[in-house]
Amino acid sequence: MLDRHGKPLQPCRPGRARQFLKAGRAVVVRHTPFVIRLTDRALADSTVAGVEIGLDPGSKHTGIAVFTERGASRAGKYSVQLDHRGAAIRDKLTARSRYRRGRRSRNLRYRAPRFLNRAKPKGWLAPSLRHRVDTTMSWVARLGRWAPVRAIQIERVAFDTHAMSAGKPLEGVEYQQGTLAGYEVRQYLLEKWGRTCAYCGAAGTRLQVEHIHPKARGGSDRISNLTLACQPCNQAKNTTPVEEFLRNTPTAEPAPTGTDSPACGSPASSTSMGSPPATSYAPPSPTANTPESTPDASSKEPTATATPRARRPPLNGEPQGTLRPSRAFPLPLPFPPRHERRGIHGWF
């Protein structure tokens with residue numbers, strides 16, 4: 001709120017401002033933030049206690065709040081969040097550098113080289129950091145024109161995230177020995193999750209590195225956000241939040257003692273993840289088609305049958321139940337001989 005000469009007065013409530021406007025004692029100066037100017041009052045005729053501005057700087061956002069303090073209590077008057085453009089400025093600088101590098105090999109007009117303007121002045125900041133400082137100071141100056149600012153408070157806090165994750169104070173080379181000290185990422189995840197799927201507990205199957213909080217929803221690549229999952233679980237989860245995925249997925253009962261846990265791709269695990277059970281082929285026993293096992297073997301002549309060999313384990317990206325051409329398992333369609341198998345990309 002301003003007086004009739006444009007000097008800042010003590011902020012008022014929205015209801016009080018509506019009364020001034022309705023009575024014709026004030027006019028609107030600005031809508032965001034909402035500022036009014038009184039037409040019948042000066043600064044000398046008012047009591048101004050003053051306000052304070054609080055700043056919470058950050059790399060991507062900066063919070064600014066205007067508040068009044070009475071004793072141990074604070075009352076907020078106005079708040080704003082500044083969204084910094086540091087990433088956009090960095091991309092613009094990278095593109096400019098790329099354009100300048102491209103002009104070196106083009107046949108353009110000659111420009112004399114400049115070698116005396118490369119020194120950076122004292123107090124120089126990167127453009128992305130300078131933008132953050134200038135934008136914050138600009139908004140503080142604006143608020144100082146519309147409110148009687150008496151003090152500015154800045155939150156300056158330094159967090160030692162490495163020591164917080166370790167749970168103890170660190171010194172010297174301990175800062176270089178983080179979570180992955182002596183491990184690779186995949187080896188660390190295998191040891192951490194017991195070489196099993198984190199969602200269905202399947203063991204003895206191929207595991208994939210999976211993001212607990214999906215990257216499409218803002219998840220990071222930190223080691224704390226990575227886990228192991230089998231291919232059916234990874235595809236079923238996709239970009240679903242982990243809370244919703246675990247809520248809609250029934251938990252599998254533990255396997256009885258002395259038996260292996262069901263591997264992913266088996267009917268039990270596939271059904272629990274919401275996908276249809278995969279069909280697998282089990283070779284018959286050697287005595288399945290022998291004359292001794294047939295009830296009427298004495299009345300029929302024995303026939304020679306070839307026992308199909310067991311199917312190999314599936315490859316990466318190959319769905320369960322896929323049969324490749326072999327003598328025991330011919331393809332449903334006639335497989336052409338080698339001299340006829342020529343496609344647009346050559347022999348296959």
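Every value quoted in this text rests on a predicted model; they were computed, and no experiment measured them. Reckoned from all heavy atoms, side chains included, excluding hydrogens, waters and symmetry mates.
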Does [X] reach the main-chain N or O of [Y] with its side chain, forming a donor-acceptor pair under 3.5 Å?
{"X": "S165", "Y": "H162", "value": "yes"}
{"X": "E174", "Y": "E171", "value": "yes"}
{"X": "N238", "Y": "T240", "value": "no"}
{"X": "R13", "Y": "G15", "value": "no"}
{"X": "S73", "Y": "E69", "value": "no"}

Give me the atom names and distance for the closest heavy-atom approach of [X] to [Y].
{"X": "I212", "Y": "L226", "result": "CD1-O, 4.2 Å"}
{"X": "L170", "Y": "Y175", "result": "O-CE1, 3.3 Å"}
{"X": "C230", "Y": "T205", "result": "CB-CG2, 4.3 Å"}

Are any of the side-chain nitrogens in [X] or [Y] under 4.0 Å away from the carboxylate oxygens of its partner?
{"X": "D45", "Y": "R41", "answer": "no"}
{"X": "D40", "Y": "R25", "answer": "yes"}
{"X": "K237", "Y": "E210", "answer": "yes"}

Hydrophobic clusters here meaning ILVMFWY residues chained together by side-chain heavy-atom distances under 4.5 Å, can you tell me if [X] and [Y] are in one?
{"X": "L55", "Y": "V157", "value": "no"}
{"X": "V149", "Y": "V29", "value": "yes"}
{"X": "V80", "Y": "I152", "value": "yes"}
{"X": "L2", "Y": "V27", "value": "no"}
{"X": "I154", "Y": "W139", "value": "yes"}

In the hydrophobic clustering that connects Ile, Leu, Val, Met, Phe, Trp and Tyr at side-chain heavy-atom distances below 4.5 Å, which members other than L9 occupy its cluster, ordered by chain and number?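 Noted: L9 shares its cluster with M1, F20, L21, V28, F34, I36, L38, L43, V48.
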Donor-acceptor pair between R132 and T136 side chains, under 3.5 angstrom: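 Short answer, no.
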Is it the case that D83 and H61 place a side-chain donor and acceptor less than 3.5 Å from each other?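 Side-chain D/A pair, D83 to H61: present.
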Worked check of side-chain contact (heavy atoms from CB on, under 4.5 Å) between R100 and R96: CA-CA 6 Å; R100 289 181 175 179; R96 186 183 68 176; 4.0 Å; yes
Stepwise side-chain hydrogen bond (donor to acceptor under 3.5 Å, both in side chains) check, T62 with H84: CA-CA 8 Å; T62 294; H84 300 308; 2.5 Å; yes
Ring-ring centroid check Y78 F67, cutoff 6.0 Å: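 No, too far apart.
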